[in-house]
Amino acid sequence: MSLDASQFVFLVTALVIVVSALFVVTARNLVHAALWLIATFAGMAVIFVLLNAGFLALVQVVVYIGAISILIIFAIMLTRRVMQDTGPQTNANWYWGAVVAVGVLVAALTMLQLPNALTLGASSLVPGFSSAPLPQPAEFADAAAFNTATLANLGLALSSPDHYLLPLLLVGALLAVAMVGSINIARDDKERE
Amino acid sequence: MSIPLSWYLALSAALFSIGVFGVLSRRNAVGVLMGVELMLNAVNINLVAFWHYGAFGPSTGLAFALIVIAIAAAEAAVGLALIISVYRRRKTVVVDDVNLMKF
Amino acid sequence: MDFFLNPLGFIREWLLSLLTSIGITGPAGDFALIVLGTVVVGGLGLTLPLALIYIERRLIGRFQDRIGPNRVGPEGIFQTVADAIKLLIKEDITPLGADKFIYNLAPIMAVVSVLTMWAILPFSYNVFGTDLNVGALYFVSVGSLGTLAIMLGGWASNNKYALLGAFRTVAQMVCYEVPMILAILVPVLLASSMSMNAISAAQDQVWFLFSAPVAAFIFFLTSVAETGRAPFDLLEAESEIVAGFNIEYSGMKFGMFFVGEFLHAFTVGALTATLFMGGWTGPFADQYPLLGMLYFSLKAFIAYFVVIWMRATFPRIRIDHMLELNWKFLVPLALGSIVVTMLVDKLYAEFLQALFVEGARAYVRGGLLLLGNLALAAGAMVIATRAARYMRLKEESDKYMPVVEAEHGHDDHGHDDHGHEPHGVVAAAH
């Protein structure tokens, strides 16, 4: 079994993602956990690039690393007592959590027919899917042209009433409501009259 | 040679179950939220992987991954606002201690 | 292949033949070239601040009617080198209780976040690191890593002033990212591409500085705020929070924050040049790429000069003013700018485009957009002036009506439905 470059990149990235995700849920210092979370997000961006979704990779970096993780670090620092809290960060019933998590993992991997699924070259392990991605349509000169066309398609799909205009508007409304709501919730009581 | 779809799905499953563990085991509410973020990310891997392997139309996977990201942002904002509000009133962010509504 | 027609291609061919002669071929050769290119661009980015710091100090000196550094070397050109050596041989202090790993990571991230922006700068039509089809989003996304670096540096220093500085910085950077992204949308709309090279090429006839002056203004202002330079240097307001997030840093770690800041300022200039001042376009630039590089550098330095000029001219903005300027002025203005651009461009394309000959179209479109932008700017100025006058009158009437103040205080005790709200004007109307 030999690996090509993209498979090697995938395996390294997957390792980074899984290890840092494990640290996210086990690190005692929450700021460190948040940093590991950032590492996970960065790995996710690499995965998106491997999947030819460069736009999504950048959105991932802007939204998750640039906004959400900063928000999380902010929240950790604002709830400051946590920073001095060096005791165990897991609750009393953490082993039940572990059991559930392992159960979910086993169930998912069973559906993937492990260990068959991880060997290379095996055909059609996921019903209805070939083991290789669809070839890029012949009308595009190179990968860059294909990516640009994909991006244009995405924009059209998001703004067309036949496709995803309604979900997009709903998300916009949700974001607006969430923003107003979170400002209202987090506002100091003294300012509320 | 390219990466089989099942690799992405296995990675996504692993990330999701780690997220589940985080949600169930963390004492700190912010930690719980981080677990939720991991789970949402795992979902995104699935969406984009299936899109890449031609499951849906030309842009369905991408569009819904974008929507998941937006919802994750909204969820993080509201969740953290709630946590800060709870912290102001009760001086704690430990999930077990916020048990006023517990029957 | 001629060096003057395709410099990068020429060097690439030459290096490939060199690599082949020593037995490196195929993907390994390509990989070696990519690494080499990264090192060259990174090296350029890292050595440029040596010149930038000298230029800036001399210019600031001129602005303040003094000479500036002139001792080390002829006209003081080696001053920065001397400073760098001083920083390198200084004792490297890690404060007690600092989170060592993060403390050391933060300055590296600060530089990396700026340096990675250089990957997409188009120096000329065929001289660029890479031409991403989402280039405009790319530099926003790597720029957000800089915010993170400052946050981490401030937290890991284990110093309350550093943490306060970091909080301020992050508040400022996260806020100013919003109008910046909105302003970037306008050139993206006009060029109908997010690739930096396509955006440059789209300004062949009319610079976006003229067809979208409002967006250019917002982009420039918010990017300067992102760099955290004067007048937006609240993060290191010496008189308030000592030195901000980098108070505990010494030696080369401080030097890296410093380098990151100067490089960021110049990168802002380069990005402004690309997005709004036509990038490499200019007479004959599409034939001779080296000429394009010259135009690009000139424009970038002009924009960088304006950054320095602003720093020397404006006093530091107050923190509440900083936030109000952003949320109450820049964000609505940026949204308005997008709407105006969309409307004018669409109307032009639908009704007017067919009326003009091919050569005049770009100028007509630019002129119409300019008119729309001027109308928007005028409207914004009218609204802002009125709001400012209203606020000033309110404050003055508060100040000069002690009777009303007393009454107001009495009301306050009772906690009736007036609450805090009646300032002078409202109370006087009673």
Side-chain angles (χ1 to χ4, degrees), chain A residues 4-6 8-9 27 29-32 34-39 41-42 45 48-49 52-74 76-78 80 83-84 142-152 154-155 159 179 183 190-193, chain C residues 27-28 30-31 97 99 101-102 105-106 109 113 116 120 130-152 154-156 158 160 163-164 166-167 169-171 173-174 177-178 180-181 188 192-195 197-198 412 415-421:
Chain A
D4 71 356
S6 66
F8 180 71
V9 172
N29 186 334
L30 268 183
V31 176
H32 286 178
L35 288 181
W36 286 114
L37 191 67
I38 291 167
F41 291 154
F48 286 152
V49 170
N52 279 351
F55 173 69
L56 212 59
L58 291 182
V59 171
Q60 169 92 8
V61 175
V62 174
V63 175
Y64 275 107
I65 298 182
I68 292 183
S69 46
I70 285 183
L71 211 59
I72 287 177
I73 295 177
F74 244 96
I76 293 170
M77 290 176 182
L78 285 176
R80 270 202 54 194
M83 284 163 72
Q84 283 98 39
D142 53 3
F146 178 63
N147 285 342
T148 308
T150 311
L151 196 57
L154 176 64
S159 56
M179 190 171 74
I183 291 173
K190 277 171 239 139
E191 295 166 22
R192 214 188 300 240
E193 284 284 313
Chain C
D30 286 337
F31 185 71
D99 201 311
F101 179 71
I102 304 177
L105 183 71
M109 272 178 71
S113 76
T116 37
I120 52 150
T130 175
D131 191 20
L132 282 182
N133 62 345
V134 282
L137 192 64
Y138 171 83
F139 77 80
V140 175
S141 73
V142 295
S144 62
L145 292 181
T147 319
L148 202 64
I150 288 171
M151 183 102 220
L152 295 180
W155 177 77
N158 195 25
K160 62 184 166 197
L163 193 60
L164 278 176
F167 271 145
T169 314
V170 172
M173 285 175 131
V174 170
E177 225 165 59
V178 176
M180 188 172 86
I181 295 176
V188 169
S192 54
S193 171
M194 282 201 276
S195 134
N197 215 359
D412 215 11
H415 264 297
D416 59 7
D417 47 6
H418 284 115
H420 278 314
E421 166 240 21

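Only this structure's heavy atoms are used, side chains among them; waters, hydrogens and symmetry mates stay out.
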(Q) Is A/Val59 in contact with chain C via its backbone, its side chain, both, or neither, using a 4.5 Å heavy-atom distance? (A) both
Q.
Please classify the contact of A/Leu151 with chain C as side chain, backbone, both or neither, using a heavy-atom distance under 4.5 Å.
A. side chain
Q | Step-by-step side chain to side chain contact (heavy atoms under 4.5 Å, CB included) determination, A/Val31 to C/Trp155 | A | CA-CA 9 Å; A/Val31 176; C/Trp155 177 77; 3.5 Å; yes
Q.
Evaluate C/Met194 against A/Phe55 for side chain to side chain contact (heavy atoms under 4.5 Å, CB included), listing each step before the verdict.
A. CA-CA 10 Å; C/Met194 282 201 276; A/Phe55 173 69; 4.0 Å; yes
Q) Any side-chain heavy atom of C/Met173 sitting closer than 4.5 Å to one from A/Ile70? A) no
**Q.** Heavy-atom pairs under 4.5 Å with chain C, option from A/Val61, A/Leu58, A/Leu35, A/Ile38 with the top count
**A.** A/Leu58
Q: Mind telling me whether A/Phe74 and C/Phe167 have parallel, tilted or perpendicular rings, with 30° and 60° as the class edges?
A: tilted
(Q) Counting heavy-atom pairs under 4.5 Å with chain A, which one of C/Leu145, C/Leu152, C/Val174 comes out on top? (A) C/Leu152
Q | Exercise: identify the closest heavy-atom pair between C/Ser144 and A/Val62 | A | OG-CA, 4.5 Å
Q. Given the options C/Asp99, C/Val140, C/Asp131, which has more heavy-atom pairs under 4.5 Å with chain A than any of the others?
A. C/Asp99
